[in-house]
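Letters go in sequence order (proteins before strands), and every chain restarts at 1.
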2 protein chains.
Amino acid sequence: MRDLANALGIEAASIYSHIRSKEEILQRVCFRMAEEFFGAIEAVKDEDASATEQLKCAISAHVQVLTRNTEASAVFLQEWRHLSEPYHTDFLALRDRYENYFREIIRQGIASGEFQVPDEKFAVLTILSGLNWIHTWYKPEGKMKPAEISGNLSAMLLNGLKTNLN
Amino acid sequence: MRDLANALGIEAASIYSHIRSKEEILQRVCFRMAEEFFGAIEAVKDEDASATEQLKCAISAHVQVLTRNTEASAVFLQEWRHLSEPYHTDFLALRDRYENYFREIIRQGIASGEFQVPDEKFAVLTILSGLNWIHTWYKPEGKMKPAEISGNLSAMLLNGLKTNLN
DNA sequence: TAAACAACCTAACGTTCGTTAGCAAGTAAT
DNA sequence: ATTACTTGCTAACGAACGTTAGGTTGTTTA
């Protein structure tokens, strides 16, 4: 709090004219980021497209949100554990709902014969882990741009490392 | 410290008969886990095998260490940031060296024509992110066993989601 | 023009934190 | 048998934490 106040150029106690508690900040960041992620993925939702296309769009949307809000994303991905009830439970429910977007795409891809995965839930987890690692190394001033990142990620996750013989 | 002492059934101050400081615990956990990871990957090192084989073995070794030390792994993966100098720098050097094992395998695979990836460094990061996410959901009593996890991971990372036409 | 509100201040609260000092008892080494 | 080391204890330290109380000042609203 004292650090935050310092960064704002005010006294620590003055922060409490604006928020009720330290945790309220955490809540606001977590749930605003959740909105961001939902907004982005809903904007690219297109159930008529192929699962491959849908997944590429979803990955791209996710990476966009992640790279545009690096610090808030770090909080969203790591600090939600410290939410108190009922926020903790609410947050997990949102996260599950978000994962289900991806799960549904995988499911469609399996049904259409596009995808072949050992385990559906496992696939989603692996995809999201690949996406969510970005925030630990991504730098806006770095040479790899968000579009390139999501392109590479889509390529790797869809085709794997193996030479593509098609 | 008081929580730790409580778990040990002694007083907080008594801990200091065994360690010099709280951070020493962090140092010990981080560097011991580093040893574990190096030990595991060096044990399966076989430069004569194909890159595909090598990668499968490395993934398996990594998953074994991760699943056998879930709590220490969480510390190793998340809390190393709080190491003070010179440990912080030393740790990062070790991590780089470890990543290089994987990078070398990818490089070999590209040279031999086994692999085809957009970006070498990026590939390693994505692989490791997939591996290191495990500790957030893996439960020893869960139904998915370490061997199954590394098998699924190898399959997904090598072949991707796409139906394999070979 | 008075009242209400917003945004800041100083001072201090109670709690928790990692840690030290000094001591007691048991065990091992000389 | 004496010494030294280990492992624990009680008591307390100073620092940092999130937060509250109460006041001042300037801006907005009735």
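Summarising the geometry, the separation between CD1 on A:Ile19 and P on C:dC8 is reported as 13 Å, rounded to the nearest angstrom. In this entry the distance linking CD of B:Glu11 with P of C:dA24 reads 17 Å, nearest Å. Spacing between atom CD of B:Glu24 and atom P of C:dT19 amounts to 10 Å, rounded to whole angstrom units. The distance between atom CD1 of B:Ile15 and atom C1' of C:dT19, rounded to the nearest whole Å, is 11 Å. If you take CG of A:Asn6 and P of C:dC9, they are 11 Å apart, rounded to a whole angstrom. Atom CG of B:Asp3 is separated from atom P of C:dC17 by 7 Å (rounded to the nearest Å).
At least one side-chain heavy atom of A:Leu158 sits under 4.5 Å from a side-chain heavy atom of A:Lys56. No side-chain heavy atom of B:Ile110 sits under 4.5 Å from any side-chain heavy atom of B:Gln116. A 4.5 Å side-chain heavy-atom check between B:Leu66 and B:Thr70 finds every atom pair outside the cut-off.
The ring-ring contact (aromatic ring centres under 6.0 Å, His included) test applied to A:His88 returns A:Trp80, not counting sequence neighbours. Listed by chain and residue number, A:Lys121, A:Phe122, B:Met144, B:Asn152 satisfy the side-chain contact (heavy atoms from CB on, under 4.5 Å) test with A:Asp119 (two or more places apart in sequence, or in another chain). Residues that satisfy the ring-ring contact (aromatic ring centres under 6.0 Å, His included) test with A:Tyr16, not counting sequence neighbours, are absent from this structure. Scored by the side-chain contact (heavy atoms from CB on, under 4.5 Å) test, A:Lys22 finds A:Met1 as partners (sequence neighbours excluded). Listed by chain and residue number, B:Glu23, B:Cys30, B:Val75, B:Glu79, B:His82, B:Leu83 satisfy the side-chain contact (heavy atoms from CB on, under 4.5 Å) test with B:Leu26 (two or more places apart in sequence, or in another chain). Scanning for side-chain contact (heavy atoms from CB on, under 4.5 Å) contacts around B:Glu24 gives B:Ile19, B:Arg20, B:Ser21, B:Gln27, B:Arg28, with sequence neighbours left out.
Taking a heavy-atom distance under 4.0 Å as the criterion, the stretch of DNA chain D touched by chain B extends 5' to 3' from D:dT7 to D:dA12.
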Can you check nucleotides 12-16 of chain C for protein contacts, nitrogen or oxygen pairs under 3.5 Å, and list what you find?
none

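The line from CD1 of A:Ile149 to OG1 of B:Thr126 is 10.0 Å long, rounded to the nearest 0.5 Å.
Geometrically, A:Arg107 does not engage A:Phe102 in a cation-pi contact, judged by NZ or CZ lying under 6.0 Å from the ring centre and within 45° of the ring axis.
Near DNA chain C, meaning a heavy atom under 4.0 Å from it, residues 76-87 of chain A has no residue at all.
Identified under the ring-ring contact (aromatic ring centres under 6.0 Å, His included) test for residues 138-157 of chain A, with sequence neighbours left out: none. Residue pairs meeting the ring-ring contact (aromatic ring centres under 6.0 Å, His included) criterion with at least one member in residues 41-71 of chain A, sequence neighbours excluded: A:Phe37-A:His62, A:His62-A:Tyr98.
Helix bend of the helix from C:dT1-D:dA30 to C:dT30-D:dA1: the angle between its two end axes, each built from five pairs, comes to 10° after rounding to 10°.
Ranked by how close their nearest DNA chain C nucleotide is to the 5' end, B:Ser21 and A:His18 are led by A:His18.
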